[in-house]
Amino acid sequence: MEYASSKSVESAMARAKWIGPRELDDPGAEAQPWRLFGRLVCTKHVRRAVAYVSFRGIGDLWVNGQRVGEETLAPGWLSYRHRMPVSILDIGDLLIEGRNTVGVDLADGWWRGRYGFDGGRSQIYGSDQSAIVHLSGTYVDGEAFTFNSDETWLAVPSPRTKAQLYTGEEYDARLDNPLWATNDYQPSDVFPVRVEKPDDNFVYVPSRAIKVLKEIRPVSITHEENGELLIDFGQNASARIEFIADLQDGEEITVRHAEILQQGKLYTRPLRRADAIDRFVGSGDGPRRFEPRFTVHGFRYASVTGATSRIDLDTLVMRVVGSPFEFTSSLETSNRLLNRLHANTQWSMRSNFVGIPTDCPQRDERLGWTGDIQVFGPAALTLGNCREFLSDWLVDVRNEQQELGTVPWYVPWIPPRAGQMANKKPASVWDDVAILLPWTLYQFSGDKTELEKHWDLIKSWADDLIKLAGDDHLWLENMQLGDWLDPSAPPEAPARGATDPQLVANAYSIYSLRIAQKIAETCGFSTYSERYGSASSAFKRAFNKRYVSPDGSMMSDSQTAYALALVFDLFETEDQRNQASARLANLVKENEYLIGTGFAGTPLILDALSNSGNLDAAYKLLEQTRCPSWLYPVTQGATTIWERWDAMQPNGKVNPGEMTSFNHYAFGAVVDWMYRVILGINSTTPGFSSIDIAPQPGGSLMHAQGHITTKFGEVHLSWRRESSKLFVQGRIPDGIKARLILPAGAPRILSPGDFQGETDLEF
Ligand code: BGC
């Protein structure tokens, strides 16, 4: 789009001014939402026009009585101190010859609202609510015109009397004016606006915009005796509830949200301080649509109280909100529980790609936790076209790294309140996102510019690792998150799992430095590839001395310790490696094929098994349905991936831990293995320019089919087992070099187009 170049964005925004209400009810607290409006005269018929808009807070643009565009919670959340996102909206057919009215609806959002755990803080970026608007258009005769937010605009309090991302929204129809943002809008109480010249680094990043993506109708509505409606939408998601109701003057409706029920009632403890309550007050003017705009909730169930009989139940809908990536792959197997695990992972990704990659969508958190997306990155890029979204978020990571001196645990960073832990210390697995996510982006895209673009981030974290470990090449910091949430960690101490957190940190550091070396090599930075290569080797020697015995046994006799060492290639001898593979297989068996890993080990454990001759154990672990396992939540009716293996415990009670989200994608990292090993599509050169089609059937699976989208097109594959035979067929797009590697027989080169194959299986 010609309008979208960074130069057009800069020059557009330079012409307008930030404007906002002068009076915010209480500068310290959560502010009431405001509206702003201005008038413009078009002297001729308009051929086309676009609006460049940004908000300090979140907002909607209105032109002549209509809300514009598909975005919501605009401008989304970037690290605003460094870059201010702009929306570009087509308003061509909304402007008329003569007088026009342009309005903005505003609320606190991330800029000013309360955000973060432990009470969070408000006014993270500023104490104002503001908007900046620049319209640029041409008349039918080709003459150009512009219109900008400036001191001529006016402010009015919004009928949304409260709107916060965590706590919810309140809307009073009696305070609304049906003529809002039309030419006839003439409110009596208007206020002048505060005006400020922009001094921001404006950017246009459509991949990080937030939109309403889908509508879900209730699967059940239960009418309780007291008039309450208990609604089940059948799907946990990031969303908002809308409905049409014919409320009398002053009648109210309250909507509460929860992910889970206990004893037939909403269970809201996991939300912590995110109340997630929306309230609507009617005006007696006939049926109207009630739709929260400036909040979002993570939920599956809702309780609706108040004048519920006035709601037109056919209009009740959950509107799913998120960033606009699409799912570009598919996978279906003969095990329907595995299929649901795949779907649940998609839903957790959808729910947590909302402007930034978040940990969870429901409680007072929803932060860009770096570890979560570090472990989920390969699964995310397998599932959907989210490269631009993630690559742009890494720009925020770099900006925060530069400002704070190291990679923060979550990005955007929220500076601590007085008295809160002030110094953030680097943490392994989480901060390794700086090296491992750019590498993952490169692996999936084959585009070296991903590495060059993020090189400063990569280099800076690699250098930090070297410094942190010092002359001993061991990073012995106590404050590590370790193998976060392994099932043996007590509910209140998620880092105290079965694997020594420092072992995890050092294993990860070796791997990250090795990847930094490969990145430097790929980019032709030979000094750095030597530096990181030799650091990685020195770390590996120190690791072996401290954590590995000559016989291959490890200091932490845990699934994660062996998985890390096997997948990250940390052993010094082949013999150690063999012993360790055997020990891991035994550990898994002794544990009756129940999972024993947390964030660090979960993405690796199945590769550790399947790459070392223990495919059978990998399938047993994956297909396990007892708790803890991947499929246990599925048997409990989960529609998303849970934060904890036992978020809902087998006794039917919600895990007592303070952090218990039912929508966290991290453990869904396993779908990456499912595509590579079950389906069998393996990229062997970055960007899928060469691939191995190598399905490894096992467990209960009788067939699997699916596809992956590459830049060359879709790779399709399906296989089925019939007694001792395996039949495979698929399609390879032009441009990809492919080999077919079946469990028995020699590899075969495949030409683009359809292919088939078969072999005997020795099961
Ligand atoms: C988040 C996690 C995160 C962790 C690290 C939690 O509260 O929800 O997903 O990575 O904290 O401390």
Side-chain angles (χ1 to χ4, degrees), residues 115-121 165-166 236 238 259-260 269-274 298 345 348-349 351-354 356-377 379-380 390 393 397 400 406-414 416 420-421 423-434 436-437 477-487 489-497 499 501 504-505 508 560 597-603 633 640-647 654-670:
Y115 214 77
F117 49 88
D118 287 341
R121 57 174 294 173
L165 291 160
Y166 289 160
N236 196 3
S238 278
E259 292 182 294
I260 208 88
R269 182 184 61 85
L271 305 181
R272 299 195 309 215
R273 298 189 206 183
T345 309
S348 281
M349 178 173 170
S351 311
N352 284 299
F353 276 40
V354 182
I356 60 166
T358 58
D359 54 339
C360 58
Q362 72 299 88
R363 66 174 177 238
D364 53 348
E365 203 143 2
R366 315 181 196 181
L367 299 170
W369 281 97
T370 48
D372 303 42
I373 191 59
Q374 189 277 107
V375 300
F376 188 67
L390 292 176
W393 174 77
V397 179
E400 302 281 26
T406 191
V407 181
W409 291 7
Y410 44 86
V411 174
W413 174 242
I414 299 180
Q420 268 187 325
M421 187 177 72
N423 289 330
K424 87 138 291 294
K425 292 187 168 173
S428 173
V429 184
W430 271 250
D431 293 358
D432 289 304
V433 78
L436 302 182
L437 190 54
E477 166 62 51
N478 280 326
M479 180 72 194
Q480 291 287 357
L481 298 167
D483 191 26
W484 188 253
L485 285 172
D486 102 15
E492 70 291 352
R496 271 208 337 256
T499 314
V504 175
Y508 247 94
T560 291
T597 56
F599 273 34
T602 299
T640 38
I641 302 295
W642 296 349
E643 177 175 26
R644 298 173 182 267
W645 297 111
D646 61 347
V654 174
N655 187 299
E658 188 226 6
M659 298 169 353
T660 303
S661 144
F662 289 84
N663 203 352
H664 247 70
Y665 48 55
F667 292 159
V670 70

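Every number for a ligand or one of its atoms is a count from 1 in the order of the listing. All residue numbers in this chain count up from 1 along the given sequence.
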Verify whether one side chain among Y508 and Q374 offers a donor that lies under 3.5 Å from an acceptor in the other. yes

Which atoms from ligand 1 have a heavy atom of [X] less than 4.0 Å away?
{"X": "E643", "value": "8 (O)"}
{"X": "D359", "value": "1 (C), 8 (O), 9 (O)"}
{"X": "L481", "value": "5 (C), 12 (O)"}
{"X": "M659", "value": "6 (C), 7 (O)"}
{"X": "H664", "value": "1 (C), 2 (C), 8 (O), 9 (O)"}
{"X": "R363", "value": "1 (C), 6 (C), 7 (O), 8 (O)"}

Would you call the rings of W484 and W430 parallel, tilted or perpendicular, where under 30° means parallel and over 60° means perpendicular? perpendicular

Which part of W484 is near ligand 1, with near meaning a heavy atom under 4.0 Å away: side chain, backbone, both or neither? side chain

If we set the cut-off at 4.0 Å for heavy atoms, which region of W430 has an atom near ligand 1: side chain, backbone, both, or neither? side chain

Identify the closest protein heavy atom to atom 7 (O) of ligand 1: which residue and atom is it, and at what distance?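 Residue, atom and distance for the closest contact: E365 OE2, 2.6 Å.
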
Identify, for atom 3 (C) of ligand 1, the protein heavy atom at the shortest distance, and state residue, atom and that distance.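 For atom 3 (C) of ligand 1, the nearest protein heavy atom comes out as W369 CD2, 3.4 Å.
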
Please assess V654 against I260 for the test side-chain contact (heavy atoms from CB on, under 4.5 Å), listing each intermediate value before the final yes or no. CA-CA 9 Å; V654 174; I260 208 88; 4.1 Å; yes

Centre-to-centre under 6.0 Å for F376 and F667, is that the case here? no

Check against side chain to side chain donor-acceptor pair (under 3.5 Å), T602 and T597: CA-CA 5 Å; T602 299; T597 56; 2.8 Å; yes

Under a 3.5 Å distance rule, please check whether Y166 uses its side chain to pair with a backbone N or O of E365 as donor and acceptor.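 At least one qualifying donor-acceptor pair exists.
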
Determine, stepwise, if the pair W393 / V433 fulfils side-chain contact (heavy atoms from CB on, under 4.5 Å). CA-CA 11 Å; W393 174 77; V433 78; 4.0 Å; yes

Option passing side chain to side chain donor-acceptor pair (under 3.5 Å) with Q362 (candidates S351, S661, S238):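 It is S661, the one option of S351, S661, S238 that forms the side chain to side chain donor-acceptor pair (under 3.5 Å) with Q362.
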
Which option out of D372, T370, L485, L367 puts a heavy atom nearest to atom 9 (O) of ligand 1?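 Result: the heavy atom closest to atom 9 (O) of ligand 1 is in D372.
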
